[in-house]
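The structure under discussion appears below in the form of structure tokens.
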Amino acid sequence: YRALSLYEDLLATSNDVRRRQDAEYGIAEAWLGAAEDAEDEAWRASAASKARTHFQSFIDRYPNDWRVDDARVGILDALVAAGRFDAAADELRRSKRAVKDTQVLARPTFAIASALHEQGRTEAALPLLYSLAQRHPGTWIAPYAWCRLAELLQELGHQEEAINAWIAA
């Protein structure tokens with residue numbers, strides 16, 4: 001948490017816009033790291049909320065910064081870290097319209113779908129995996145999405161669709 005302190009000091013003392021941008025983004029990333037590493041649920045939720053707030057503030061203050069798409073991913077990661085999967089799925093839909101390159105959303109989409117399945121909400125995970133596999137066929141994550149999709153379809157008893165997903169993988 002030393003990084004948080006250093007970034008906060010920089011934010012409080014610097015008049016350099018670029019340094020302030022870097023500090024604000026660094027604070028958001030530090031809170032996200034704290035959320036992802038936290039073992040205590042209350043601490044994880046608190047750190048994730050702070051990360052989300054700082055990422056959103058960064059997006060609002062610096063909408064043309066090259067890290068805005070990454071900040072949107074940070075918001076998704078914070079929601080997943082806090083276990084707020086429905087909110088993450090809603091944010092994912094908004095982010096698809098806002099990002100310059102939807103490929104940055106591939107990893108969080110997979111994480112959200114996996115989390116929904118782990119909650120027993122497989123039907124909610126399927127459209128995310130289908131969308132991911134079909135929108136990004138040449139990416140590193142597409143084969144994983146097809147395989148996960150095939151596994152889930154097989155669990156639900158949709159054997160023919162599962163076979164087609166295995167073939168696509």
Residues [X] and [Y] bridged, charged N to O under 4.0 Å:
{"X": "Arg121", "Y": "Asp86", "answer": "yes"}
{"X": "Arg19", "Y": "Asp22", "answer": "no"}
{"X": "Arg44", "Y": "Glu41", "answer": "no"}
{"X": "Arg67", "Y": "Asp65", "answer": "yes"}

Might you point out which heavy atoms bring [X] and [Y] nearest each other, and give the distance in Å?
{"X": "Val73", "Y": "Val104", "value": "CG2-O, 3.3 Å"}
{"X": "Leu132", "Y": "Ala145", "value": "CD2-CB, 3.8 Å"}
{"X": "Lys96", "Y": "Thr102", "value": "O-CG2, 3.9 Å"}
{"X": "Leu105", "Y": "Pro108", "value": "O-CD, 3.3 Å"}
{"X": "Ala125", "Y": "Ala113", "value": "CB-O, 3.2 Å"}
{"X": "Ala81", "Y": "Ala35", "value": "CB-CB, 4.2 Å"}

Could you see if [X] belongs to whatever hydrophobic cluster contains [Y]? Use Ile, Leu, Val, Met, Phe, Trp, Tyr and a side-chain cutoff under 4.5 Å.
{"X": "Ile75", "Y": "Tyr25", "answer": "yes"}
{"X": "Leu76", "Y": "Val68", "answer": "no"}
{"X": "Ile27", "Y": "Leu10", "answer": "no"}
{"X": "Leu92", "Y": "Leu116", "answer": "yes"}
{"X": "Val80", "Y": "Val99", "answer": "yes"}

Rounded to the nearest 0.5 Å, what separation is found between the [atom1] atom of [X] and the [atom2] atom of [Y]?
{"X": "Leu79", "Y": "Phe55", "atom1": "CG", "atom2": "CZ", "answer": "11.0 Å"}
{"X": "Ile112", "Y": "Leu128", "atom1": "CD1", "atom2": "CG", "answer": "6.5 Å"}
{"X": "Leu11", "Y": "Gln21", "atom1": "CG", "atom2": "CD", "answer": "11.0 Å"}
{"X": "His136", "Y": "Arg107", "atom1": "NE2", "atom2": "CZ", "answer": "13.0 Å"}
{"X": "Asp90", "Y": "Phe85", "atom1": "CG", "atom2": "CZ", "answer": "13.5 Å"}
{"X": "Leu153", "Y": "Asn164", "atom1": "CG", "atom2": "CG", "answer": "9.5 Å"}

Test side chain to side chain contact (heavy atoms under 4.5 Å, CB included) on His54 and Glu29 and set out the steps.
CA-CA 9 Å; His54 283 284; Glu29 282 193 319; over 6 Å; no
Working note: Glu123 + Leu156, criterion side chain to side chain contact (heavy atoms under 4.5 Å, CB included); need CA distance, chi angles, decisive distance, verdict.
CA-CA 9 Å; Glu123 293 288 343; Leu156 294 173; 3.5 Å; yes
Might you work through the side chain to side chain contact (heavy atoms under 4.5 Å, CB included) test for Trp146 and Trp166, ending with a clear yes or no?
CA-CA 7 Å; Trp146 282 117; Trp166 282 120; over 6 Å; no
Could you tell me whether a side-chain N or O of Ser46 sits under 3.5 Å from a main-chain N or O of Ala42, the two making a donor and an acceptor?
no
Donor-acceptor check, side chain of Ser49 to backbone of Ala45, threshold 3.5 angstrom: yes or no?
no
Among residues at least two apart in sequence or on other chains, which ones pass side-chain contact (heavy atoms from CB on, under 4.5 Å) with Ser57?
Glu24, Arg61
With sequence neighbours left out, write down each residue that passes ring pair (Phe, Tyr, Trp, His ring centres under 6.0 Å) with Tyr62, or none if nothing qualifies.
Phe58
Strictly by modelled atom types, are Asp60 and Gln56 linked by a side-chain donor-acceptor pair under 3.5 Å?
yes
Looking at side-chain heavy atoms only, is the closest gap between Arg94 and Arg72 below 4.5 Å?
no
Below 4.5 Å, heavy atoms only, C-beta onward: do Glu151 and His117 meet side chain to side chain?
no
For Glu161 and Tyr130, run side chain to side chain contact (heavy atoms under 4.5 Å, CB included): C-alpha distance rounded to whole Å, both residues' side-chain angles, the deciding distance at 0.1 Å, then the answer.
CA-CA 11 Å; Glu161 289 179 71; Tyr130 268 120; 3.0 Å; yes
